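Note on naming: letters A, B, ... go to the chains in the order of the sequence lines (proteins, then strands), and numbering restarts at 1 for each one. Bear in mind the structure is a predicted one, so any value in this text is a computation, not a measurement. FYI, side chains are in, hydrogens and waters are out, and symmetry mates aren't considered; it's all heavy atoms of this structure.
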Amino acid sequence: MKYSQYFIPTIKDSPADAELTSHKLMVRAGMIRKLAAGIYNILPFGLKAIRKVENIVRDELNKAGAVEVFLPSIQPSSLWEETGRWLQYDLELLRVKDRHDREFCYGPTHEEVITDLVRNDIKSYKQLPVNLYQIQTKFRDEIRPRFGIMRAREFTMKDAYSFDATDAGANISFEKMVQAYDNIFQRCGLQFRGVDADSGAIGGDFSREYMVLAESGENEVAYCNSCDYAANVEKAKVLYKENIESTVPEEQLEEVHTPGYKSIEEVANFLKVTPADCVKCLIYETEEEMIALLIRGDRQVNEIKLKNFLGVETIALASDELIYKTLQLTTGYLGPVGMKISVYADNELQENRTFVTGANKDEFHLKNVDLSRDAQIKGYGDFRNIEANDPCPSCGKHGINFCRGIEVGHVFKLGTKYSEKMNATFLDQNGKSQHFIMGCYGIGIGRTVAAAIEQNNDDKGIIWPKEIAPFHVHLVSLFNKDSDLMEASEKLYNELIEAGVEVLWDDRNESVGKKFKDADLLGLPLQIVFGKPFQEEKQVEITERKTLTKEKFPLNKAVEIITKKLS
RNA sequence: CGGAAUGUAGCGCAGUCUGGUAGCGUACUAAGUUCGGGACUUAGGGGUCGGAGGUUCAAAUCCUCUCAUUCCGACCA
């Protein structure tokens, strides 16, 4: 491709709204432009990279036996009403009406559509298993789109759905996808981890997330140094050892005056104890009721675990005003003793010992609180985040570490959740009607490209992994007025194309500096420069973008050397 | 939706406090000079100052409302 006839509008300054390195670089390298919040134009250079990822995805999925389809982006509300998600999805679902006032949505995902397709056309176990996938534009009206294409409202996603006759078969389908995903992200040149998302579940549904490791990732991943356990911190279980010996002698409750000491830190300092000797009491509001949660003073609440434990849809910390209005209590002095609403406590507080808690009385705390003696605990559970000195939930050894990750893929065993709700059945060998056992498997295509850039860049620009680079080679001709040089450049350009190399030839009449800066910014794996060495001794300069090491070679060896470097 | 901020040329910003000629950098156009790391000189084009209403002789500037965007929290590929 000749740069002069292409369209890569590079810019020096990154836009003010770009936070993330990958977002800045994608805008600066002329890959994307914002049209509206969370909605982007994809420009040719960006599209090339996206297509590369798509083709890797296609290739690996096809190898794994999946079959490509293309489903509508606009879906009728009736299907969503069958699964109950028309109401569940709320504002995230972009709803539209047609001229007859019929309701539709712009598809955020396609479980309903695919299940409908399959239930209509697959009637026998003989037609199973089947795994259908598509690469589609989806729309989710996210509350807060950010990071450019990384978390857009409109985005391209590969989604696959497997249908099996038996549970064992569904597990095989799942494993095949796990293998395919490993291959895909490997080929995209990413450092990633497959992370178990609900490892403890026995026999039930389970899922696995693919995290690209990056400082700026939105997810925190916990992993074990001793075994291959890795999990999203949201879901990583905290092992609880029962029957811990008492370390504190039994003492009587004692009320202490703690004027102005509200935070755990302040109270612990004032009473000369550690935060671990204190209990935090937090009031949460759900759609059903208000509850109090107890957790050790030095720990972090995991609201997802709490939400799952309570089996509620929404959960949020109650405001100070609400707490005062309904309980007549002031935050900072809350505690379980005499609490009027249901109290739940983290497993850890079952230790046979006493704690410091709020007294439910302004400016007072209680010492020597024994939860089993002094409070009514409705339930104990795992409500906190795993921490570095916790044992590994898988092997039990100590050595949990943390890193941040960008979720680029998710594989999920759905079971019969959708097939039951939508009455999608087939006849098994015995002529009996059975529900399909499903799996669904997503990959964020644009996000994968963004994650690759997030992971591969330097202060000059992008450093493309070879397999997803928009082109392999950036051919730079420095002096447009030198017709010999331009002719020789064009000849090499054609020879490289002939040899199957994808070349971007910068034939623009621009200053030398600009051409070099653009080449570094666009970050193609190899830069070939026609400059002084060509004029003086018929040599070209080859620079590896990653290391920025330059080497000179005679022009007649160039094709050979370039193809070798790229292989 | 809760908290915070910002809307002025394609992009990045100043000007707003203290009302009085619409500015800077970059990008763009033309000519000339340059040519191994975002060149220089000269001459140009480009603005309903987010929108509506109000105060005033006079509003980018003050007031009210509104829209949009961004940042921090809960959702997700």
Expressed as a whole number of angstroms, how long is the span from Arg153(A):CZ to A68(B):C1'?
12 Å
NA contact type, Ile443(A), heavy-atom cut-off 4.0 Å: base, sugar-phosphate, or nothing?
nothing
Which of these nucleotides, G37(B), C11(B), C13(B), is closest to any side-chain atom of Lys550(A)?
G37(B)
Using the C1' atoms only, state how far C49(B) lies from G15(B), rounded to an integer number of Å.
11 Å
Which residue, Ala16(A) or Gly38(A), contacts RNA chain B at a nucleotide closer to its 5' end, judged by nearest heavy atom?
Ala16(A)
Closest to the Asn219(A) side chain: G37(B), C76(B), A77(B)?
C76(B)
Assess whether a salt bridge exists between Glu82(A) and Lys421(A), defined as any Lys/Arg side-chain N lying under 4.0 Å from an Asp/Glu carboxylate O.
no
Which whole-number value in Å describes the distance from Glu510(A) CD to C40(B) C1'?
15 Å
Using atom NZ of Lys24(A) as one end and atom P of C11(B) as the other, report the distance to the nearest whole Å.
18 Å
For the base of G38(B) and the side-chain ring of Phe516(A), does the geometry meet a stacking cutoff of under 5.5 Å between centres and under 30° between planes?
no
If I pick the C1' atom on G45(B) and the same atom on A9(B), what distance separates them, to the nearest angstrom?
11 Å
For A77(B), which nucleotide is its Watson-Crick or G-U wobble mate, given both distances must be under 3.5 Å?
none
With a 4.0 Å cut-off on heavy atoms, is Glu541(A) in touch with a base, just the backbone sugar-phosphate, or nothing at all?
base
Any base atoms under 4.0 Å from Glu92(A), or only sugar-phosphate, or nothing? Heavy atoms, all strands.
sugar-phosphate
Side-chain ion pair, Asp59(A) and Arg187(A), N-O less than 4.0 Å:
yes
Cationic N near anionic O, under 4.0 Å, Lys552(A) to Glu541(A):
no
Is Lys158(A) salt-bridged to Glu54(A), going by a charged N under 4.0 Å from an acidic O?
no
Could you measure between the two P atoms, the one in C11(B) and the one in G20(B), and give it in whole Å?
26 Å
Taking the minimum atom-to-atom distance to the side chain of Asp518(A), which one of G38(B), C72(B), G36(B) wins?
G38(B)
Salt-bridged, Asp159(A) to Lys138(A), with N to O below 4.0 Å?
yes
Syn or anti for U21(B), please, going by whether the chi angle lies within 90° of 0.
syn
Please pick, from G36(B), A77(B), C71(B), the nucleotide with the shortest atom-to-atom distance to any side-chain atom of Pro533(A).
G36(B)
Remember a base hit wins even if backbone is also touched, and classify Arg28(A) as base, sugar-phosphate or nothing at under 4.0 Å, heavy atoms.
base
Looking only at atom P, what distance separates U18(B) and C63(B), rounded to whole Å?
10 Å
Roughly how far, to the nearest 0.5 Å, is OH of Tyr161(A) from CG of Leu132(A)?
10.5 Å
Which nucleotide wins on minimum distance to the side chain of Val512(A), given the candidates C72(B), C75(B), G36(B)?
G36(B)
Scan every strand shown for a Watson-Crick or G-U wobble partner of G2(B), both distances under 3.5 Å, and answer none if you come up empty.
C72(B)
Partner nucleotide, any strand, of G37(B) [Watson-Crick/G-U, under 3.5 Å]:
none
Watson-Crick or G-U wobble partner of U26(B), both distances under 3.5 Å:
G10(B)
Quote, to the nearest angstrom, the P distance that separates C17(B) from G25(B).
25 Å
Roughly, in whole Å, what's the span from CD1 in Ile11(A) to C1' in C28(B)?
14 Å
Between Phe383(A) and Leu293(A), is there a side-chain heavy-atom distance shorter than 4.5 Å?
yes
With C1' as the reference atom in both, quote the distance from U66(B) to U6(B) in angstrom, rounded to an integer.
16 Å
Rounded distance (Å) that lies between atom P of G73(B) and atom CD of Glu234(A)
13 Å
Under 3.5 Å on both distances, the Watson-Crick or G-U partner of G46(B)
none
From the options U69(B), C35(B), G12(B), select the nucleotide whose nearest atom is closest to the side chain of Lys481(A).
C35(B)
Using a heavy-atom cut-off of 4.0 Å across all strands, would you classify Gly409(A) as base, sugar-phosphate, or nothing?
sugar-phosphate
When all nucleic acid strands are considered with a 4.0 Å heavy-atom cut-off, which category describes Lys460(A): base, sugar-phosphate, or nothing?
nothing
Nucleotide forming a Watson-Crick or wobble pair with U16(B), both distances under 3.5 Å
none
Listed nucleotide nearest any side-chain atom of Phe479(A), set G12(B), C76(B), G36(B)
G36(B)
Rounding to a whole Å, what distance do you find between Asn480(A):CG and C35(B):C1'?
10 Å
Among the nucleotides A77(B), A39(B), G36(B), whichever has the atom closest to the side chain of Val529(A) is G36(B)
Begin with the C-alpha distance, continue with both residues' side-chain angles, and end with the deciding distance and a verdict on side-chain hydrogen bond (donor to acceptor under 3.5 Å, both in side chains) for Asn232(A) and Glu209(A).
CA-CA 8 Å; Asn232(A) 195 320; Glu209(A) 292 171 339; 3.0 Å; yes
May I ask you to say what Ala450(A) touches in the nucleic acid, namely base, sugar-phosphate or nothing, with a heavy-atom cut-off under 4.0 Å?
nothing
Arg146(A) CZ - C76(B) P separation (whole Å):
14 Å
Does C65(B) pair with anything, Watson-Crick or G-U wobble, both distances under 3.5 Å, and if so, with which nucleotide?
G51(B)
Please determine, for the side chain of Arg144(A), which listed nucleotide (U70(B), A77(B), C71(B)) has the closest atom?
C71(B)
I'd like the P distance from A27(B) over to A39(B), given in whole Å.
8 Å
Glu142(A) CD to C71(B) C1': how many Å, rounded?
16 Å
Please report the distance separating the P of A58(B) from the corresponding atom of U21(B), rounded so that it comes out in whole Å.
15 Å
Presence of Lys517(A) side-chain N/O under 4.0 Å of G37(B) phosphate oxygens OP1/OP2:
no
Over all strands shown, is Gly444(A) touching base, sugar-phosphate only, or nothing at heavy-atom distances under 4.0 angstrom?
base
In plain terms, say whether Glu490(A) and Lys2(A) are close enough for a salt bridge, that is, a side-chain N and a carboxylate O under 4.0 Å apart.
yes
Of all the choices, U69(B), A27(B), A77(B), which nucleotide is nearest to the side chain of Ala37(A) once you look at every atom?
U69(B)
Give a yes/no answer on whether the side chain of Lys12(A) brings an N or O atom under 4.0 Å of OP1 or OP2 in G25(B).
no
